[in-house]
Each structure stands twice: as C-alpha cells, then as structure tokens.
Q: 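Quick one: structure below, then a few questions.
Residue numbering restarts at 1 for every chain, and letters A, B, ... go by the order of the sequence lines.
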Amino acid sequence: MPELPEVEVIRRSIEPLIVGRTIARVRTTGDSYFFLTPARLVAKGLRGRRVLAIERRGKYLVAALDDGASLLLHLGMTGQLLSSVARSPRLVRSAEKANWIAEPRVFAADEHTHLELVFADRGPRVMLRDVRKFGKCALRRPGEREPRLERLGVDALEACGPVLFAATRRRRVAIKSILLDQTVLAGVGNIYADEALFRACVRPERQACHTTEAECRNLAKAVTQILREAIGSGGSTIDDYVHPDGTDGGYSRLCRVYGREGEPCSRCGQRIRRVVIQHRSAHFCPKCQR
DNA sequence: CAAATCCCCTGCAGGC
DNA sequence: TGCCTGCAGGGGATTT
C-alpha cells in the first residue's frame with residue numbers, strides 16, 4: 001500500500017520523465033481486474049497523446065493528456081511506476097521488499113508489467129507494474145466524470161480538526177476506520193493511520209463518536225505532520241531501496257508503532273500491542289494511547 | 001443511512 | 001524438502 005507520501009514521491013519522480021513527452025506506443029497485459037477501462041481502449045486512447053501534467057488526488061495519480069482525456073492510476077498494494085533507464089530484475093524485487101517505491105533507473109517489462117509507455121523520442125519508457133493487481137487503471141474521455149475521484153474527501157495533507165470531528169459524529173466504528181475512510185480524508189492508509197493515532201495518543205479501537213473535538217484536532221494535526229515528514233524523507237522507503245539485500249530500512253525506522261508488536265514503546269517503554277480492526281492489523285501503545 | 005462481509009490477486013512465512 | 005494453510009491489505013460491491 002503506497003499511501004499518500006509514497007504516491008506523492010512517486011509522482012514527483014515520474015513527473016520529469018513523463019510530462020511533455022508524446023506516447024508513441026503502448027503495451028499492456030490482457031484485460032483483468034486491474035483495467036477498469038479495457039486494456040485495448042487504454043492503449044488506443046494513449047497512442048499519439050502528449051502528457052500535459054501528472055497530479056495526485058489522495059492515493060490516485062491522474063495524468064492529463066493533450067486531447068482533454070486523462071489517465072487514472074491507483075497503485076493498490078504492490079503497484080510500482082518504473083522507468084527503463086537501466087535494467088536489473090534484482091532491483092525490482094528489492095523495490096518490492098522495500099515497499100513499492102518507484103525509482104527512475106529501472107528496468108525491463110515482465111509479466112507483471114500491465115502498462116508500458118513507449119515514447120516518440122525513444123527515451124526511457126515508463127512502466128506500471130503490479131504483482132497483485134489490486135491497482136487500477138482507467139482512461140477517462142474528455143469531460144467524462146470520474147466517480148472514484150468525486151467520492152474522495154479532503155486531501156489528507158489538508159486534514160483539519162473540524163472535518164474529522166464532523167465525520168466522527170454518530171459513527172460507532174473505531175476511530176481508525178474513520179481515518180482510513182477515503183471519503184473523509186483521502187490518502188491515509190493502514191500504516192500512517194497507526195502512526196497518527198500514536199502521535200495523537202488516541203487508541204485505534206476507540207469509538208469514533210466518543211472522540212472529543214480536541215482529540216480530533218490533535219489527530220488531524222498528527223496526520224498532516226506525519227504525512228509531510230514522510231514525504232520529506234523521500235516517502236520513507238527510498239533510502240533502503242538501495243540496500244542490495246532488501247532488509248529493513250528507512251520505512252521501519254520511521255515507524256513508532258507499525259510493525260513493532262512486542263517492542264517497547266519509544267515514549268514509555270510499554271510493549272506495543274497489535275489488534276485486528278476490520279480485518280486489518282492496528283498497532284498501538286496501551287499506555288500512551290487511551 | 002451505517003456497518004459488516006466478501007472478494008479481487010499473488011508471494012511469502014510458518015507448520016508439519 | 002515440499003506441500004498446505006494462512007496472512008497481507010485498498011477499496012468497491014453486496015448484504016444486513
């Protein structure tokens with residue numbers, strides 16, 4: 001799950017590699033769950049088009065084309081945007097272990113490469129690779145509505161107390177579920193939700209309607225701070241991408257609770273606990289978070 | 001309307 | 001060594 005920071009870092013790294021270039025050829029895998037628009041139509045719609053811009057909306061990437069159409073991408077759990085500047089299958093695998101980060105120095109297409117853009121300038125290709133195919137790809141005709149984007153709430157970088165507080169009223173689900181609800185805040189995923197709850201000292205299981213206005217304010221602030229920090233550190237996985245063995249690196253270093261079940265809390269020493277909330281693991285400090 | 005459940009997919013870890 | 005099971009999870013669709 002690339003979350004907002006990873007998607008933003010990917011956007012920034014891919015922007016100079018794609019904006020202003022004209023797509024000459026498109027290669028795709030066959031239709032699958034991955035293609036919301038049939039692969040054939042995606043290829044047809046992209047051919048000959050120039051990319052004007054690439055933007056991020058929550059965890060989505062949207063590439064604007066010169067005919068007014070747009071390409072919508074979601075990286076799901078294992079999606080990667082890669083460039084063909086160099087080739088190294090080993091680095092692809094390492095990138096997966098290191099958490100789905102795109103690097104502008106990769107690779108040749110393989111069976112998991114669902115979309116490959118070949119440009120008219122014959123320069124580096126851009127590829128979208130996604131092993132588990134939880135990602136999404138859609139082509140929207142000029143002026144066509146995109147319900148997936150329309151549903152999104154406030155971008156999580158703009159999270160604020162009042163929005164969060166309003167969303168928690170009359171909701172009996174866990175507060176963490178509200179943070180993960182993309183129609184409330186767009187961009188927060190499982191990892192940063194845990195981290196924000198830790199920073200704001202709120203227990204993930206707490207019923208949403210039982211959080212106070214002040215807690216929601218703190219939580220919103222924690223969300224924006226943590227996301228900004230993660231972007232600032234290069235999406236939190238960039239660093240260990242270069243570790244040839246793919247062992248734990250930047251990402252887990254930044255996390256205070258996620259993936260740290262049983263380890264001592266960095267604030268109080270209490271053991272970090274893990275519970276399951278709506279089929280997802282939630283990590284928290286039982287002493288710091290109430 | 002809210003909430004719970006199911007499902008899409010693949011790789012990998014753990015148990016035996 | 002190899003097979004089997006369970007787990008990981010974003011998010012939409014369906015059911016309660």
Q: Taking ring-ring contact (aromatic ring centres under 6.0 Å, His included) as the definition, give me every residue that meets it alongside F198(A), ordered by chain and number, with sequence neighbours left out.
A: none
Q: In terms of side-chain heavy atoms, does H283(A) have a donor or acceptor partner in D194(A) at a distance below 3.5 Å?
A: yes
Q: Would you say Y258(A) reaches dG9(C)'s phosphate, i.e. side-chain N/O to OP1/OP2 under 4.0 Å?
A: yes
Q: Between H112(A) and dG11(B), is there a side-chain N or O to OP1/OP2 distance below 4.0 Å?
A: yes
Q: Just how far, in rounded Å, is C1' of dA8(C) from CD of E3(A)?
A: 14 Å
Q: Using whole Å, report how far CD1 of I277(A) lies from C1' of dA4(B).
A: 15 Å
Q: Should the pair R11(A)-E8(A) be classified as a salt bridge under the 4.0 Å nitrogen-to-oxygen rule?
A: yes
Q: Will you find, in the side chains of R172(A) and Q207(A), an N or O donor that is under 3.5 Å from an N or O acceptor?
A: no
Q: Indicate whether OP1 or OP2 belonging to dA8(C) is found under 4.0 Å from a side-chain N or O atom of S281(A).
A: no
Q: Can you pull out the residues from residues 146-171 of chain A that lie within a 4.0 Å heavy-atom distance of DNA chain C?
A: R148(A), R151(A)
Q: For a quick check of understanding: with a heavy-atom distance under 4.0 Å over all strands, which category does S177(A) fall into, base, sugar-phosphate or nothing?
A: nothing
Q: Report the distance from atom OH of Y33(A) to atom C1' of dT10(B), rounded to the nearest whole Å.
A: 14 Å
Q: Closest approach to the side chain of Q182(A), judged atom by atom: which nucleotide of dG10(C), dG11(C), dA8(C) is it?
A: dG11(C)
Q: Between dT10(B) atom C1' and F34(A) atom CZ, what is the distance in whole Å?
A: 15 Å
Q: Within a strict 4.5 Å, meaning less than it, do heavy atoms of the Y258(A) and N190(A) side chains meet?
A: yes
Q: Y192(A) pairs by side-chain hydrogen bond (donor to acceptor under 3.5 Å, both in side chains) with which of E229(A), E3(A), E6(A)?
A: E6(A)
Q: Is there side-chain contact between S70(A) and E146(A), with at least one heavy-atom pair below 4.5 Å?
A: no
Q: Please determine if a side-chain N or O atom of K133(A) lies less than 4.0 Å away from the OP1 or OP2 oxygen of dT10(B).
A: yes
Q: Would F134(A) count as stacked on dG11(C) if the rule is ring centres under 5.5 Å and plane angle under 30°?
A: no
Q: Rounding to a whole Å, what distance do you find between H283(A):NE2 and dA8(C):C1'?
A: 11 Å
Q: Measure the distance from CD on E6(A) to P on dG10(C) and round it to the nearest whole Å.
A: 11 Å
Q: Can you tell me the distance, in whole Å, between the CZ atom of R129(A) and the C1' atom of dC9(B)?
A: 14 Å
Q: Using a strict 4.0 Å threshold on nitrogen-to-oxygen distance, state whether D31(A) and R40(A) make a salt bridge.
A: no
Q: Please determine whether a side-chain nitrogen or oxygen atom of R132(A) lies at a distance below 4.0 Å from atom OP1 or OP2 of dG9(C).
A: no
Q: When the C1' atoms of the five terminal pairs at each end define the local axes, what inter-axis angle does the helix from dA2(B)-dT16(C) to dC16(B)-dG2(C) show, to 10 degrees?
A: 50°
Q: Between Y60(A) and Q182(A), do the side chains contain a donor N or O and an acceptor N or O under 3.5 Å apart?
A: no
Q: Is H279(A) touching bases, backbone alone, or none of the nucleic acid, heavy atoms closer than 4.0 Å?
A: nothing
Q: Consider only side-chain N and O atoms of R129(A) and T113(A), and report whether a donor and an acceptor are under 3.5 Å apart.
A: no
Q: How close or far is atom P of dC9(B) from atom CD of Q80(A), stated in whole angstroms?
A: 19 Å
Q: Would you please confirm or rule out a distance under 4.0 Å between OP1 or OP2 of dT5(B) and any side-chain N or O of Q278(A)?
A: no
Q: Counting side-chain heavy atoms from C-beta on, which of dT10(B), dG11(C), dA3(B) comes nearest to V131(A)?
A: dT10(B)
